[in-house]
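What you see is a predicted model; the values in this text were computed from it and never measured.
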Amino acid sequence: AEVAGSSPVSRAAYKSPQGDFWVQGFQEFYNGRMLEPKVIFVTLAVVFEITSNFPYIRDILRGYTKPHFFTWFVWMILNAIALSTLLSEGAGGGAWVVAVTTFFCATIAGLALFRGEKRITVSDWLSLLTALASIAIWLRTSDPFITILLVLTAEVFGLLPTIRKSFSKPHQETVSTYVLTVFKHFCALFALQAYTPSSVLFVGFLLAINSAFVAFLVVRRLQLRVY
């Protein structure tokens with residue numbers, strides 16, 4: 001029999017930044033602390049997480065938004081790993097939130113295959129390979145801080161193909177989705193159960209990178225006079 005936590009995937013359950021946040025939040029929720037500030041922020045983060053995806057999918061189906069498959073594929077893998085490890089450890093409510101995120105990432109990745117960006121460049125492939133390599137190393141890493149850096153590396157390199165595409169076609173991304181994601185990470189920052197360098201770095205970086213991407217899309221639309 002395999003010792004719990006001895007496999008790379010099992011070990012990831014104890015060092016998944018996405019999973020830890022949701023599990024801790026739902027533990028507080030189930031402990032009857034619904035009106036405490038941190039639980040309220042967790043609830044708001046869940047609402048923003050769910051609602052942010054609907055306008056994106058709507059715009060894909062209408063032909064306005066053209067997602068890059070590589071970006072959503074990487075994000076799907078990150079969340080799927082977090083989900084599988086949380087379920088294996090009986091995480092309960094927190095795992096369902098990650099399941100919703102995984103579902104939306106998988107849905108958008110699937111739509112991207114048929115309705116997404118068709119031009120794939122060498123830099124896109126390099127970004128994908130770097131993201132996947134970071135994920136592979138993450139699953140073999142036990143140091144919490146290194147884990148955060150590797151997950152963030154995968155997140156950023158996963159986003160790079162979308163940034164490359166959006167430089168010339170900023171109108172093919174749904175800005176409101178990323179704005180709602182900024183609000184989600186803002187709430188997540190205030191919902192942290194403990195403010196450690198690793199947890200603040202993880203949530204703070206995601207807040208910053210999404211904010212920067214929103215600003216990037218707005219500026220490029222203004223420069224290209226696309227509204």
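Contact detail for T177 and P55: the closest heavy-atom pair is OG1-CG, 3.8 Å. Contact record, G110 with F114: O-CD1, 3.3 Å, taken as the closest heavy-atom pair. The two atoms that bring C187 and L44 nearest to each other are SG-CB, 3.7 Å, heavy atoms only. Nearest heavy atoms, K184 versus A45: CG-O, 3.4 Å. Considering every non-hydrogen atom in both I137 and L150, the closest pair reads CG2-CD1, 3.6 Å.
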Please table the atom pairs, donor to acceptor, closer than 3.5 Å between any side-chain atom in residues 125-135 and protein atoms at least two apart or in another chain.
unit_1, atom_1, unit_2, atom_2, d
S127, OG, S123, O, 2.9
T130, OG1, L126, O, 2.8
S134, OG, T130, O, 3.0

Side-chain donor-acceptor contacts of residues 204-215 below 3.5 Å, not counting sequence neighbours, with atom names and distances?
unit_1, atom_1, unit_2, atom_2, d
N210, ND2, L206, O, 2.8
S211, OG, L207, O, 2.7

Which atom pairs, donor and acceptor, lie under 3.5 Å between side-chain atoms of residues 60-75 and protein residues at least two apart or in another chain?
unit_1, atom_1, unit_2, atom_2, d
T65, OG1, T174, OG1, 2.6
H68, ND1, F70, N, 3.2
H68, NE2, D124, OD2, 3.0
T71, OG1, G158, O, 2.6
T71, OG1, T162, OG1, 2.6
W72, NE1, Y56, OH, 3.4
W75, NE1, E155, OE1, 3.3

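A donor-acceptor pair under 3.5 Å is absent between the side-chain atoms of K165 and the main chain of L160, judged by distance alone. Looking only at distances, no side-chain donor or acceptor of R115 sits under 3.5 Å from a matching main-chain atom of A112.
Hydrophobic cluster membership is shared by F54 and V182, with clusters built from Ile, Leu, Val, Met, Phe, Trp and Tyr side chains linked at under 4.5 angstrom. There is no path of hydrophobic side-chain contacts, each under 4.5 Å, that joins I120 to V122. When the side chains of ILVMFWY residues are joined at heavy-atom separations under 4.5 Å, either directly or via intervening members, V179 and V219 end up in two distinct hydrophobic clusters. Put simply, V203 and I146 are part of the same group of oily side chains (I, L, V, M, F, W, Y) that touch within less than 4.5 Å, one to the next. No continuous path of ILVMFWY side-chain contacts below 4.5 Å connects F103 to V47, so the two sit in separate hydrophobic clusters.
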> Step by step, would you call K169 with H171 a side-chain contact (heavy atoms from CB on, under 4.5 Å)?
Replying inline: CA-CA 5 Å; K169 293 175 283 190; H171 57 288; 3.9 Å; yes

>> For a side-chain contact (heavy atoms from CB on, under 4.5 Å) check, start with the C-alpha distance between I57 and F104, then their side-chain angles and the critical distance, and finish with the verdict.
In response: CA-CA 9 Å; I57 293 175; F104 279 119; 3.8 Å; yes

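The 12-atom threshold is exceeded at CZ of F216, counting heavy atoms of other residues, nucleotides or ligands nearer than 6.0 Å.
With respect to F41, the ring-ring contact (aromatic ring centres under 6.0 Å, His included) criterion is satisfied by exactly one of F190, F48, F186, F183: F190.
The CD1 atom of I108 sits 12.5 Å away from the CG atom of L113 when rounded to the nearest 0.5 Å. Atoms CD and CG, from E173 and D59 in turn, are 10.0 Å apart once rounded to the nearest 0.5 Å. Note that OG1 of T107 and CE of M76 are 10.5 Å apart. Values are rounded to the nearest 0.5 Å. Once rounded to the nearest 0.5 Å, the distance linking CG of L201 with CG of L149 reads 6.0 Å. We find the CD1-CG distance between I163 and L217 to be 9.0 Å, quoted to the nearest 0.5 Å. The NE2 atom of H185 sits 11.0 Å away from atom OH of Y178, with the distance rounded to the nearest 0.5 Å.
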